[in-house]
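As the structure lists them, so they are numbered: ligands from 1, and atoms in each ligand from 1. What you are looking at is a predicted structure, and each value in this text was computed from that prediction instead of being measured.
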Amino acid sequence: MKKVLPVTRYYGSKRKIINNIWEIIQNEQLEFDSVLDLFGGTGTFSYKAKLEGKQVIYNDIFKFNSLIGKALIQNNTTKLTKKDIEFLTTKHDHIKYNYYVKDNYENIYFLDYENELIDIIVQNILQLKSPYKQAMAYYALFQTTLIKRPFNSFHRKNLSLRTRDVKRSFGNKVSWEKDLVGTFQKFCYDINQYVFSNFKKNKSKNTSALSCKETADLVYIDPPYIAEKGSHVNYHSRYHFLEALANYNDFIHYINYEKTNKEVMINKSDEFETKQFIINDIKKIIEKYHDKIIIFSYRNKGIPSPDELKEIFRMYNKEFKEYILYNHYYALNKSNKELHELVYILRSS
Ligand SMILES: C[S@@+](CC[C@H](N)C(=O)[O-])C[C@H]1O[C@@H](n2cnc3c(N)ncnc32)[C@H](O)[C@@H]1O
């Protein structure tokens with residue numbers, strides 16, 4: 001079993017600092033048996049908490065992420081076999097395939113033959129009887145499609161960045177051109193190594209943070225980050241195509257044909273995603289869990305500012321502590337020299 005989750009190319013992942021966050025939790029001598037990871041994303045916090053023997057509830061607004069939570073957090077024992085992986089990557093005569101991706105996304109994100117393979121793999125996934133195996137295979141497909149995308153994102157129709165024959169000073173052409181089936185198989189074998197049981201009943205949920213009905217001794221809050229400068233690209237824009245794959249049988253009814261990237265509108269929400277409402281949403285979430293231990297991940301130069309955020313904490317929790325993590329990655333990037341990660345520990349008074 002692996003100790004830290006693999007690199008996943010997901011915006012805002014806390015993979016690089018998860019051990020620092022856990023050290024802070026230990027230094028603070030926080031006592032808790034259960035955790036709720038409200039904005040779960042790649043599951044780094046949930047996975048660490050699972051490793052540490054806690055009962056874990058993973059949550060994310062997107063179904064594709066909750067499938068990752070199901071594969072890694074809720075799943076204690078199921079693994080993909082060689083036979084499963086062969087089944088997933090074969091076109092079967094007895095299945096009548098639809099070609100929703102190939103028919104609707106020509107020249108947008110992937111090459112034609114890749115779109116067809118994506119259609120086939122998803123529908124093979126849906127044939128698997130075990131929901132855990134389905135979730136694991138979906139994980140592999142999400143990683144495969146992300147790795148092959150310029151900027152690891154679906155917010156632009158920009159397949160031409162891959163196909164144009166020009167000299168590039170950016171991106172990773174080698175990853176974009178990786179064989180889709182081989183990459184998918186590799187991710188299937190990879191995820192098997194991350195499955196383990198901590199003998200707790202862990203679960204994966206798929207709700208918006210403000211409507212989540214779950215609770216736990218400790219709540220980890222890592223909301224979308226809205227930079228004070230520039231326009232905000234929300235999670236839905238970045239990853240809507242993965243949400244489409246997670247809802248394969250329905251998604252064609254939700255395609256917005258007015259957008260050149262044919263955004264799929266499933267689970268699009270403004271909650272925690274607009275400059276206008278983020279402060280109010282943060283107030284609501286802090287109030288909701290005011291009697292729990294809260295770990296709040298943040299960055300400076302955002303909306304709200306750290307000072308405004310601390311003002312909100314003061315409204316609901318008397319005691320909080322601020323930790324600043326100077327991240328190696330940001331130190332290398334000159335324009336973001338002063339950008340750093342913040343971790344707040346809030347205890348109920
Ligand atoms: C900063 S990322 C969390 C990253 C995560 N801690 C990790 O290490 O991968 C924020 C996450 O919140 C999710 N999200 C966005 N709006 C949400 C909402 N209203 N409720 C729940 N999750 C939301 C996004 O899908 C994204 O995965």
Specify the protein heavy atom at minimum distance from [atom]: its residue, its atom name, and the distance to 0.1 Å.
{"atom": "atom 3 (C) of ligand 1", "result": "Phe39 O, 3.2 Å"}
{"atom": "atom 14 (N) of ligand 1", "result": "Ile61 CG2, 3.7 Å"}
{"atom": "atom 20 (N) of ligand 1", "result": "Ala209 N, 2.8 Å"}
{"atom": "atom 19 (N) of ligand 1", "result": "Glu271 OE2, 2.9 Å"}
{"atom": "atom 25 (O) of ligand 1", "result": "Asp60 OD1, 2.8 Å"}
{"atom": "atom 2 (S) of ligand 1", "result": "Tyr235 OH, 3.2 Å"}
{"atom": "atom 4 (C) of ligand 1", "result": "Asp222 OD2, 3.3 Å"}
{"atom": "atom 26 (C) of ligand 1", "result": "Tyr10 OH, 3.3 Å"}

Taking the side chain as everything from C-beta on, heavy atoms only, tell me whether [X] gets closer than 4.5 Å to [Y].
{"X": "Lys321", "Y": "Tyr323", "answer": "yes"}
{"X": "Tyr10", "Y": "Asn152", "answer": "no"}
{"X": "Tyr97", "Y": "Glu116", "answer": "no"}
{"X": "Ile118", "Y": "Ile121", "answer": "no"}

Element-labelled atoms of ligand 1 that are located less than 4.0 Å from some non-hydrogen atom of [X]:
{"X": "Ser208", "answer": "20 (N)"}
{"X": "Gly12", "answer": "1 (C), 4 (C)"}
{"X": "Asn65", "answer": "25 (O), 27 (O)"}
{"X": "Gly41", "answer": "9 (O), 27 (O)"}
{"X": "Pro223", "answer": "1 (C)"}

Within the structure, does [X] bring an N/O atom to less than 3.5 angstrom of an N/O atom in ligand 1?
{"X": "Asp37", "value": "no"}
{"X": "Thr42", "value": "yes"}
{"X": "Tyr220", "value": "no"}
{"X": "Phe62", "value": "no"}
{"X": "Asn59", "value": "no"}
{"X": "Thr44", "value": "yes"}

What about Tyr239 and Phe187, same hydrophobic cluster or not, with Ile/Leu/Val/Met/Phe/Trp/Tyr joined at side-chain heavy-atom distances under 4.5 Å?
no
Exercise. Report yes or no: does Ser269 have a heavy atom closer than 4.0 Å to ligand 1?
Key: no
### Heavy atom of Gly40, distance to ligand 1 below 4.0 Å
yes
Is it true that [X] and [Y] have a side-chain N and a carboxylate O under 4.0 angstrom from each other?
{"X": "Asp84", "Y": "Lys133", "answer": "yes"}
{"X": "Lys14", "Y": "Asp222", "answer": "yes"}
{"X": "Lys63", "Y": "Glu243", "answer": "no"}

Aromatic ring pairing Phe272/Phe39, orientation class (parallel under 30°, perpendicular over 60°, tilted between)
perpendicular
Take the angle between the ring planes of His92 and His94 and call it parallel below 30°, perpendicular above 60°, tilted in between.
tilted
* **Quiz item: cation-pi between Arg149 and Phe154, 6.0 Å / 45°** => yes
#### Entry: Test: Lys50 cationic atom under 6.0 Å from Phe196 six-membered ring centre, within 45° of axis
yes
Between Glu271 and the options Ser208, Pro223, Pro224, the side chain to side chain contact (heavy atoms under 4.5 Å, CB included) test singles out Ser208
